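All values reported here derive from a predicted model rather than from experimental measurement. Along the sequence shown, the residues carry numbers beginning at 1.
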Amino acid sequence: MAKPIASIENIASGTSKHDVVPQNFCPAFDMRFVMLEIGKLTSCVDRLIVDIKSQSEKVDSLRHQVSFVKGGLWVVAAVISVAIFVSTKSDAVVNIIKAII
């Protein structure tokens with residue numbers, strides 16, 4: 001006759017076959033799983049670092065372009081303000097030029 005999986009005595013004492021760790025269980029299996037997952041996370045972090053570096057290079061180039069355009073706008077604004085000043089004070093500018101010549 002086959003032995004029952006869990007007898008009443010084993011259930012009462014809490015040592016049924018289902019409560020016992022399987023015989024082929026090895027703590028190294030958990031360690032291998034953890035090491036594999038850490039390896040996956042490490043490769044993902046390395047990829048993230050590379051992606052962030054490329055994005056920061058793009059942002060830096062965009063920042064340089066924006067600062068170049070802002071500088072150009074300041075120059076254009078200065079030229080326009082000088083032109084407006086000269087056009088409103090044309091009599092004074094002509095007198096200064098005549099005095100120099």
Side-chain angles (χ1 to χ4, degrees):
M1 182 168 136
K3 188 175 181 181
I5 294 176
S7 65
I8 295 176
E9 295 87 25
N10 289 341
I11 292 174
S13 65
T15 59
S16 69
K17 188 172 183 177
H18 298 291
D19 293 337
V20 178
V21 177
Q23 295 299 324
N24 62 354
F25 180 77
C26 179
F29 290 143
D30 283 340
M31 184 58 77
R32 286 184 207 142
F33 173 75
V34 170
M35 294 304 290
L36 285 173
E37 292 302 314
I38 289 174
K40 289 178 187 177
L41 288 174
T42 302
S43 66
C44 289
V45 168
D46 291 340
R47 170 65 191 240
L48 183 62
I49 289 170
V50 169
D51 290 345
I52 288 174
K53 185 175 181 179
S54 67
Q55 289 296 327
S56 67
E57 290 171 356
K58 290 177 185 176
V59 168
D60 285 340
S61 68
L62 183 64
R63 186 180 312 149
H64 290 301
Q65 291 172 354
V66 167
S67 64
F68 180 75
V69 169
K70 285 168 78 175
L73 288 175
W74 277 105
V75 169
V76 168
V79 168
I80 289 174
S81 64
V82 167
I84 291 172
F85 176 76
V86 169
S87 69
T88 57
K89 304 290 184 180
S90 62
D91 294 332
V93 173
V94 170
N95 292 334
I96 291 173
I97 293 173
K98 285 181 183 179
I100 294 174
I101 297 177

As an exercise, state the distance from CG of Asp51 to OG of Ser56, rounded to the nearest 0.5 Å. 11.0 Å
Could you state the interatomic distance from CG (Leu41) to CG (Asp46), rounded to the nearest 0.5 Å? 11.0 Å
Treating Ile, Leu, Val, Met, Phe, Trp and Tyr as nodes and any side-chain heavy-atom pair under 4.5 angstrom as an edge, say whether Val66 and Trp74 lie in one connected cluster. no
To the nearest 0.5 Å, what is the distance between CG (Leu62) and OG (Ser67)? 9.5 Å
